[in-house]
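A short worksheet on the structure shown next.
As the structure is a prediction and not an experimental result, all values here were calculated from the model. Every heavy atom of this structure was used, including side-chain atoms; hydrogens, water molecules and symmetry mates were not.
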Amino acid sequence: MTAILGISAFYHDSAAALVVDGKIIAAVQEERFTREKYDADFPVHAIAYCLQEAGLTADQLSYIAFYDKPISKFERLLETYLAYAPIGFRSFNKAMPAWLKRKLYIPRLIRKGLGRCDKVPLVFLDHHESHAASAFFPSPFDAAAIITLDGVGEWTTATYGKGEGNRIELTHHLQFPHSLGLLYSAFTYYCGFKVNSGEYKLMGLAPYGRPRYQKQIYEHLIDLKPDGSSWLNMEYFNYCQGLTMTNDRFHRLFGGPPRTTDTTLTQRHMDLASSVQAVTEEILMRIGRMVHRQTGMKNLVMAGGVALNCVANGKLLREGPFETLWIQPAAGDAGGALGAALFVWHQLLQKPRTPLLPDSQRGSLLGPQYSVIEIEPFLNKTGAVSRRFANEDQLLEHVAQALTEEKIVGWFHGRTEFGPRALGARSILADPRSAKMQATLNMKIKFRESFRPFAPCVLREHVHEWFGMRPHEDSPYMLLTAPASRAILIWCVGSTWFAAQCRPSRTWITAPACRPSMSATAVTSG
């Protein structure tokens, strides 16, 4: 038996994954146990769960794989600070204690955190190598092109190459400080969201604006080449030497200082989000076309934080040159733990690989689950009003009825999802036919910004009837968006809400101009 533990930690989204004889046994983020969003600490609880799931102790591991090379990352930091000295001293002074106290001693921290594992070999992988492995090895393809995109690993910010059989090869790299991920994070910061966690908010804000600043981005911030490679004008950015992403020159270009979290979002912020989103989509399309020409592959796999941009992904699938696309569900740093473990098994140990359909990630339901024996005492202890159903059919009927009554259901079932998306195991369910549901969910349940969207759930056999997707084409990991081919036009007369089905030509924007169908459904407000 060969048991390989993969670990990602000390930046954001720390996680652990366990692969035994090539099979993914478990994978989970530390935040699922500590309840601290994007927890970056050493994943003690995640590791303990993975070992428990396999019935192993630390000394029974064959290898421990870490998702990046800390020394290479430290070299990049030192070289960058020296290049900007003395301007970057404040940032240097803030970063060094964490490195000198902890990050330079990761082998010692791993062995201390795991206990009895002194003789277990440690393997340190390149950051983007871990991303690429997490994208290709669990995918359903025997051969595929590979694209990885994020802020920065050690020195690399983007790669492409290909995977075949049980090997991956990354042939091209884009180097720091030039980075699509950091460009997107700069606008995330400028619009008042938190870097490394608020990028999806910026993506959700983009549809409310127009790309009015796209020209300024191309003229001043980025030199974009036909092959998708790019050069950032560092005169507008501050992330190399400072404690912020942008500087005064950037602020003057876009009409003022960065938004603070306690101020209102304006149309300007929506237009900025729309602009950088449009640039991101164009860059990804150019990279996709170039990689397709270079590799000749019909399949594409992706990972890295930028691969969580489901809007850009959807456009690449619809309009790009590839026939099929598979994206690692935990595309960010958490997925690096899984990629590191799989890389050791397939590439270093040269073990064969047999692709599975729909993939070998098992729905990404790889985290802990809880039995009735564990759940019932917890409900009793908290004084929760509960009811136990005799069978699943009764439970589903009860839930369906609750949804039709515009009630909101918290669905807790089976193993926890690995990755940032709720995929039906730890999800909030609601009836989308209610005109007020989106606002209710955001304000009263999620306690978040009113513009934030929700994902529709549609049976695979009907997906092409509602969205611009091919028959039986799905997006099981919530990593693709598609234009609506049907829309529900909702309006109010007095105290009565009306809903009518429309057929827009491409997107929701055309919906008001559509003619409603002959029959309309009246939903009385109340």
Tell me every residue that passes ring-ring contact (aromatic ring centres under 6.0 Å, His included) with [X], counting only those two or more places apart in sequence or in another chain.
X      : value
Phe322 : His292
Phe389 : His398
Phe187 : Phe250, Phe254
Tyr189 : none

Contacts of [X] that satisfy salt bridge (Lys or Arg N to Asp or Glu O under 4.0 Å) - sequence neighbours left out:
X      : value
Arg362 : none
Lys446 : none
Asp126 : none
Arg460 : Asp474

How far does [atom1] of [X] sit from [atom2] of [Y], to the nearest 0.5 angstrom?
X      : Y      : atom1 : atom2 : value
Thr354 : Asn166 : OG1   : CG    : 10.0 Å
Leu205 : Gln277 : CG    : CD    : 10.5 Å
Thr440 : Glu406 : OG1   : CD    : 8.0 Å
Asp150 : Asn196 : CG    : CG    : 9.5 Å
Ile110 : Ile47  : CD1   : CD1   : 7.5 Å
Lys315 : Asn309 : NZ    : CG    : 11.5 Å

Closer than 3.5 angstrom, by distance alone: can the side chain of [X] be matched with the main-chain N or O of [Y] as a donor-acceptor pair?
X      : Y      : answer
Thr188 : Val195 : no
Ser179 : Gly151 : yes
Arg452 : Asn442 : no
Ser62  : Ile4   : no
Glu374 : Ser371 : yes
Ser274 : Asp271 : no
Arg415 : Leu366 : yes
Tyr67  : Asp333 : no
Glu465 : Pro471 : no
Asn313 : Ala307 : yes

Item to complete: May I have all residue pairs that pass ring-ring contact (aromatic ring centres under 6.0 Å, His included) and include part of residues 11-36, sequence neighbours excluded?
Response: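 Listed by first then second residue: nothing to list.
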Might you point out which heavy atoms bring [X] and [Y] nearest each other, and give the distance in Å?
X      : Y      : value
Gly228 : Ile283 : O-CG2, 3.8 Å
Ala54  : Leu18  : CB-CD2, 3.3 Å
Leu342 : Gly22  : CD2-O, 4.4 Å

Worksheet entry | Passing option when His131 is tested against His127, His128, Glu129 for side chain to side chain donor-acceptor pair (under 3.5 Å) |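 When His127, His128, Glu129 are each tested with His131, the side chain to side chain donor-acceptor pair (under 3.5 Å) holds only for His127.
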Discussion item. The criterion is side-chain hydrogen bond (donor to acceptor under 3.5 Å, both in side chains); which residues satisfy it with Asp359, sequence neighbours excluded?
Written reply: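 Partners of Asp359 under the side-chain hydrogen bond (donor to acceptor under 3.5 Å, both in side chains) test: Trp326, Tyr477.
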Worksheet item: Can you list the residues that meet the side-chain hydrogen bond (donor to acceptor under 3.5 Å, both in side chains) rule with Ser185, with sequence neighbours excluded?
Response: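 With neighbours one apart ignored, the set is Glu199.
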Worksheet item: With no hydrogens and no angle check, do the side chains of Tyr38 and Gln29 hold a donor and an acceptor under 3.5 Å apart?
Response: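 Short answer, no.
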Worksheet item: Are side-chain N/O atoms of Thr324 and Asn299 paired as donor and acceptor at under 3.5 Å?
Response: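 Judged by distance alone, the side chains do pair up.
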Would you say [atom1] of [X] has more than 12 non-hydrogen atoms from neighbouring residues, nucleotides or ligands within 6.0 angstrom?
X      : atom1 : answer
Glu397 : CD    : no
Glu461 : CD    : yes
Tyr63  : OH    : no
Phe454 : CZ    : yes
Arg210 : CZ    : no

Fill in: Identified side-chain contact (heavy atoms from CB on, under 4.5 Å) counterpart of Val311 within the set Leu316, Leu480, Thr481, Leu284
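Result: among Leu316, Leu480, Thr481, Leu284, Thr481 is the only option passing the side-chain contact (heavy atoms from CB on, under 4.5 Å) with Val311.
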Fill in: From CA spacing to verdict: side-chain hydrogen bond (donor to acceptor under 3.5 Å, both in side chains), Gln60, Thr57
CA-CA 5 Å; Gln60 293 176 299; Thr57 55; 3.2 Å; yes
Using a 3.5 Å cut-off and no angle test, enumerate the donor-acceptor pairs between side-chain atoms of residues 420-432 and protein atoms at least two apart in sequence or in another chain.
unit_1: Arg421; atom_1: NE; unit_2: Met478; atom_2: O; d: 3.0
unit_1: Arg421; atom_1: NH2; unit_2: Leu308; atom_2: O; d: 2.8
unit_1: Arg426; atom_1: NH1; unit_2: His413; atom_2: O; d: 3.3
unit_1: Arg426; atom_1: NH1; unit_2: Gly414; atom_2: O; d: 3.1
unit_1: Arg426; atom_1: NH2; unit_2: Pro368; atom_2: O; d: 3.2
unit_1: Arg426; atom_1: NH2; unit_2: Gly414; atom_2: O; d: 3.0
unit_1: Arg426; atom_1: NH2; unit_2: Thr416; atom_2: OG1; d: 3.2
unit_1: Ser427; atom_1: OG; unit_2: Gly424; atom_2: N; d: 2.8
unit_1: Asp431; atom_1: OD1; unit_2: Arg433; atom_2: N; d: 2.9
unit_1: Asp431; atom_1: OD1; unit_2: Arg433; atom_2: NE; d: 3.1
unit_1: Asp431; atom_1: OD2; unit_2: Arg433; atom_2: NE; d: 3.1
unit_1: Asp431; atom_1: OD2; unit_2: Arg433; atom_2: NH2; d: 2.7

